[in-house]
Amino acid sequence: MTQPRTTTVRSLCAKTRPVPMLVLLLSAISVLTCQIAQAQQPREVFDRAVADFQGGRIEESVAGFDRLVKLAPDALPQLWQRGIALYYVGRFKDCRAQFESHRTVNPNDVENAAWHFLCVARAESPTKAKAALLPVGPDSRVPMSQVYRMLRGELTVEQVLKAGGTQPEGQFYAELYSGLYLEALGDAERALKHIRNAAADRYSGSGYMHDVARVHRDRPVQRQSPAKP
């Protein structure tokens, strides 16, 4: 190290006076960085995206889910809620990919196969959606096995509705997936009837999927070119 040159008191003060301001600036930057990091915690981003969807703010919900994927890429397979939101903004290919990813962590779920069917039907056609139908395992919920057979073309909507039984949960899922299926086939009038039934207050105990029914009732899916059977 070399010896410092002789420095006047005035020049020394001129050199050192800004240091306290620099310290304050660095401290403020540190606090701001911490606040930004906290605001971008994956759980908070997820909760906001869910709340946006439930409130009918679908574009904001999709943006939130996309941000979450960037923050926590490993969470992607779990985000079936993102797939549903993508469906409502017309990003059908991304929607399809999301449900194919979700199957890797939830292979038995008929609902996952149903939403995959809907995405493919809108992006391509109901015929191609049936050909690409994801395999599922045992799903004991009423009437999920019948919903799956409906997607395969083996049962009618009326048979699914009958299989919904007398309990509210079964009736809700029968109404919801019958309506979604009919809309994918291009039968908008019959579809809306069942979607409205599913969105009724008496089925509010069905949780997030009841929110989906409400959103669907109040906001049409963004259209691409009409699907052909």
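Everything quoted here is computed from the prediction, not taken from an experiment.
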Verdict with supporting geometry, H194 and V157, side-chain contact (heavy atoms from CB on, under 4.5 Å): CA-CA 10 Å; H194 294 297; V157 165; 4.2 Å; yes
Side chain to side chain contact (heavy atoms under 4.5 Å, CB included), paired with R82, selected from F46, F65, F99, Y87: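 Exactly one candidate clears the test, F65.
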Partner of W115 under side chain to side chain contact (heavy atoms under 4.5 Å, CB included), chosen from V110, L86, V212: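 That would be V212; it is the only one of V110, L86, V212 passing the side chain to side chain contact (heavy atoms under 4.5 Å, CB included) with W115.
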[X] side chain vs [Y] backbone, donor-acceptor pair below 3.5 Å:
X: Q54; Y: V215; result: no
X: R103; Y: P135; result: yes
X: S61; Y: V50; result: no
X: E124; Y: A129; result: no

If you look at every heavy atom in [X] and [Y], which pair is closest and at what distance?
X: Y148; Y: L134; result: OH-O, 2.8 Å
X: L76; Y: Q98; result: O-NE2, 2.8 Å
X: G83; Y: C95; result: O-SG, 3.6 Å
X: A85; Y: I58; result: O-CG2, 3.8 Å

Interatomic spacing from [atom1] in [X] to [atom2] in [Y] - rounded to 0.5 Å:
X: C119; Y: R91; atom1: SG; atom2: CZ; value: 11.5 Å
X: L192; Y: N197; atom1: CG; atom2: CG; value: 9.5 Å
X: E44; Y: L68; atom1: CD; atom2: CG; value: 11.5 Å

Residues [X] and [Y] bridged, charged N to O under 4.0 Å:
X: D47; Y: R43; result: yes
X: R122; Y: E183; result: yes
X: K193; Y: D187; result: no
X: R217; Y: E175; result: no

For the pair M150 and Q159, evaluate side-chain contact (heavy atoms from CB on, under 4.5 Å) and give the outcome as yes or no after the intermediate values. CA-CA 9 Å; M150 177 180 68; Q159 288 171 312; over 6 Å; no
Taking the six-membered ring of Y173, is the NZ or CZ of R141 close enough (under 6.0 Å from the centre) and on axis enough (within 45°)?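 R141 over Y173 ring: yes.
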Would you call the rings of H210 and F172 parallel, tilted or perpendicular, where under 30° means parallel and over 60° means perpendicular?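 Taking F172 first and then H210, their aromatic rings sit tilted (interplane angle of 30° to 60°).
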Using side-chain heavy atoms (C-beta onward) and a distance below 4.5 Å, is [X] in contact with [Y]?
X: Q78; Y: N106; answer: no
X: Q81; Y: Y208; answer: yes
X: E111; Y: D139; answer: no
X: E169; Y: V142; answer: no
X: F53; Y: I84; answer: yes
X: K130; Y: F117; answer: yes

In this structure, are over 12 heavy atoms from other groups packed under 6.0 Å from [X] atom [atom1]?
X: R196; atom1: CZ; result: no
X: E189; atom1: CD; result: no
X: R214; atom1: CZ; result: yes

Test side-chain contact (heavy atoms from CB on, under 4.5 Å) on K70 and D66; report intermediate values, then the result. CA-CA 7 Å; K70 292 180 179 178; D66 286 348; 5.7 Å; no
Evaluate side-chain contact (heavy atoms from CB on, under 4.5 Å) for Y177 paired with L151, printing each intermediate quantity in order. CA-CA 10 Å; Y177 285 105; L151 299 174; over 6 Å; no
